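A quick write-up on the structure given underneath.
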Amino acid sequence: MNFGKVPINKFIYNLPIGDCILCPSIGEDAGVIEVNNKYLIVHSDPITETKGDAGFLSVAVACNDINMKGVKCKWVLTTILLSDISHLESIISGISEACNIIGCKVIGGHTEVTSGIDKDIVITTAMSSSNSFLNYNNVKPGMKVILVGSPAIEGTWILAKDYESILLQKGINKQVIESARRFKYDIIVENKALKVSQYAVVMHDATEGGIMQALFELAKASGYTVSVDLSKVKLRYETSVITKALGIDPFRLISSGAFIVVSEKADEIIGLLDEVYVLGEVRKGDPVLEVKGLGIFNEDFEEELVRFESGNISWR
């Protein structure tokens with residue numbers, strides 16, 4: 001059985017989509033509707049691939065997607081499906097911690113102990129309101145494609161947190177593992193995203209499928225060829241060591257904490273933050289991803305964390 005995110009094109013055409021300014025489609029991080037002359041921006045995401053910190057991660061990644069529209073995350077609703085009631089306190093603590101860092105408020109949700117699941121599932125719906133938002137309609141050929149943040153931040157953190165025994169067995173130093181566990185707070189991108197948004201035409205979160213999937217979705221959403229050179233990216237040391245030891249491609253590993261920006265003002269963005277890489281540009285052509293030295297891609301990428309976990313279930 002295959003696990004992980006289902007490509008949207010397998011089901012989207014069977015849904016009654018409408019009454020939205022920005023409706024569901026490939027590469028869109030949030031939906032947008034108009035209410036009383038303002039835009040309500042909404043996104044929902046589940047956390048299913050981490051053994052701990054599901055509450056924190058659920059709020060963090062859902063709010064990240066709101067931030068991709070260039071706005072602050074204001075409200076969240078959380079649905080908590082527990083495998084065991086004893087896990088509730090840590091999940092609530094994680095939700096509170098993430099909300100306090102981001103500055104958003106919990107306005108509702110649902111909590112239950114659910115039979116038939118072996119790990120907790122936390123689903124967060126994040127929302128904001130704004131007078132404007134970033135839109136793929138404004139992307140044009142010649143604009144630069146920029147990576148903000150390092151590939152595989154989230155995936156490296158999860159591997160260090162949940163698979164210490166395997167990493168130690170592979171000869172990875174305990175200090176490297178501990179350092180990677182501190183990536184947790186780098187997953188939240190709000191401060192970076194709001195700084196960058198003033199120079200961005202569009203932004204896109206790099207989650208399942210990593211940087212490669214995010215770039216591919218950018219091509220599909222914009223309708224243009226996205227041409228990049230990934231050799232320009234410097235991986236964090238911990239990510240390089242851990243992914244190499246496990247045989248994982250860091251560019252296809254879940255990467256919340258990093259995001260793709262399309263902009264005409266790359267120099268301004270470079271001056272704002274560390275870990276900023278100009279990867280390439282948007283070009284006229286078919287909506288495909290063109291990666292220097294690797295080829296042209298027109299299909300979704302397999303998520304490396306899901307692939308790794310499917311072969312190492314007994315370690316969890």
Side-chain angles (χ1 to χ4, degrees), residues 1-5 45-61 64 83-84 86-87 90-91 93-94 97-98 101 117-122 147 149-189 205-214 230-231 233-259 274-275 277 301-316:
M1 179 183 294
N2 293 325
F3 298 94
K5 188 175 181 180
D45 236 339
I47 296 301
T48 60
E49 293 300 325
T50 180
K51 187 166 62 175
D53 281 310
F56 178 93
L57 192 56
S58 180
V59 172
V61 300
N64 283 358
S83 59
D84 192 297
S86 65
H87 302 168
S90 65
I91 289 175
S93 176
E97 183 181 25
I101 293 171
I117 61 174
D118 59 3
K119 57 185 175 183
D120 307 317
I121 297 173
V122 184
L147 171 64
S150 183
I153 289 174
E154 180 184 2
T156 304
W157 171 65
I158 291 173
L159 290 167
K161 178 173 59 69
D162 291 354
Y163 293 98
E164 180 179 359
S165 296
I166 291 181
L167 298 182
L168 291 173
Q169 187 183 80
K170 294 286 186 179
I172 296 176
N173 189 288
K174 178 80 171 179
Q175 290 181 330
V176 172
I177 299 171
E178 290 299 323
S179 179
R181 285 176 173 169
R182 292 194 287 272
F183 287 7
K184 172 181 176 178
Y185 297 104
D186 292 337
I187 292 170
I188 294 174
V189 302
D205 195 25
T207 52
E208 294 179 61
I211 303 303
M212 294 283 275
Q213 180 67 19
L230 297 181
S231 69
V233 179
K234 182 179 179 181
L235 296 174
R236 292 188 181 184
Y237 175 73
E238 297 86 348
T239 296
S240 179
V241 169
I242 288 173
T243 56
K244 183 177 180 180
L246 299 179
I248 287 174
D249 181 352
F251 290 97
R252 304 186 192 202
L253 180 59
I254 190 166
S255 293
S256 292
F259 56 96
D274 296 328
E275 293 186 320
Y277 307 96
F301 293 92
E302 181 182 17
E303 167 52 50
E304 287 283 77
L305 183 62
V306 173
R307 181 186 65 79
F308 173 79
E309 289 191 326
S310 67
N312 293 277
I313 293 174
S314 62
W315 286 86
R316 297 200 62 160

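Residue numbers run from 1 in the order of the sequence given. On a predicted model such as this, the values are computed, not experimentally measured, just so you know.
For the pair Glu275 (side chain) and Gly149 (backbone), a donor-acceptor distance under 3.5 Å is absent. Looking only at distances, a side-chain donor or acceptor of Lys119 sits under 3.5 Å from a matching main-chain atom of Thr48. At least one donor-acceptor pair under 3.5 Å links the side chain of Ser90 to the backbone N or O of His87. Judged by distance alone, the side chain of Ser240 and the main-chain N or O of Arg236 form no donor-acceptor pair under 3.5 Å. Judged by distance alone, the side chain of Asp249 and the main-chain N or O of Glu304 form no donor-acceptor pair under 3.5 Å. Within the 3.5 Å criterion, the main-chain N or O of Asn64 finds no donor-acceptor partner in the side chain of Asp205. Remark: side-chain polar atoms of Thr243 are paired, donor with acceptor, to backbone N or O of Thr239 under 3.5 angstrom.
Minimum interatomic distance between Ser256 and Ile153 (heavy atoms only, all atoms of both residues): O-CB, 3.7 Å. Of all the heavy atoms in Ala180 and Ala160, the pair that sits closest is CB-CB, 3.6 Å. Minimum heavy-atom separation, Leu235 to Pro250: CD1-CG, 3.7 Å. The minimum heavy-atom distance linking Ala98 with Ala60 is given by the pair CB-N, 4.4 Å.
Here the CG-CG distance, from Leu305 to Leu253, works out to 6.0 Å after rounding to the nearest 0.5 Å. Between Leu159 atom CG and Phe183 atom CZ the span is 11.0 Å, to the nearest 0.5 Å. To the nearest 0.5 angstrom, Glu303 atom CD is 11.0 Å from Arg252 atom CZ. Separating the CZ atom in Phe259 from the OG1 atom in Thr207 is a distance of 13.5 Å, to the nearest 0.5 Å. Interatomic distance, CG of Leu147 versus CG of Leu230, reported as 9.0 Å (0.5 Å rounding). Here the OH-CD distance, from Tyr185 to Glu97, works out to 3.5 Å after rounding to the nearest 0.5 Å.
Between Asp53 and Arg181 there is no salt bridge, since no side-chain nitrogen of the basic residue lies less than 4.0 Å from a carboxylate oxygen of the acidic one.
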Report task. Could you go through the side-chain hydrogen bond (donor to acceptor under 3.5 Å, both in side chains) check for Ser179 and Glu238 one step at a time? Result -> CA-CA 7 Å; Ser179 179; Glu238 297 86 348; 2.4 Å; yes
Requested in this report: Might you work through the side chain to side chain contact (heavy atoms under 4.5 Å, CB included) test for Leu246 and Leu167, ending with a clear yes or no?
Outcome: CA-CA 8 Å; Leu246 299 179; Leu167 298 182; 3.7 Å; yes
Requested in this report: Evaluate side chain to side chain contact (heavy atoms under 4.5 Å, CB included) for Ile158 paired with Phe308, printing each intermediate quantity in order.
Outcome: CA-CA 12 Å; Ile158 291 173; Phe308 173 79; over 6 Å; no
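Asp120 and Ser83 share a side-chain donor-acceptor pair at under 3.5 Å. Side-chain N/O atoms of Gln169 and Tyr163 include no donor and acceptor closer than 3.5 Å. One side chain, Asp84 or Ser86, offers a donor N or O that lies under 3.5 Å from an acceptor on the other. Checked by atom type, the side-chain pair Glu154/Ser255 shows no donor-acceptor distance below 3.5 Å.
Put simply, the side chain of Ile121 does not reach to within 4.5 Å of the side chain of Ile47, judged on heavy atoms. Side-chain contact between Phe56 and Ile91 is absent, with no heavy-atom pair separated by less than 4.5 Å. Trp157 has its side chain out of reach of Ile254: every pair of non-hydrogen atoms, C-beta onward, lies at least 4.5 Å apart. At a threshold of 4.5 Å between non-hydrogen side-chain atoms, the residues Ser58 and Asp45 do not count as touching.
Taking the centre and axis of the six-membered ring of Tyr277, the NZ or CZ atom of Lys234 falls outside the cone set by 45° and 6.0 Å.
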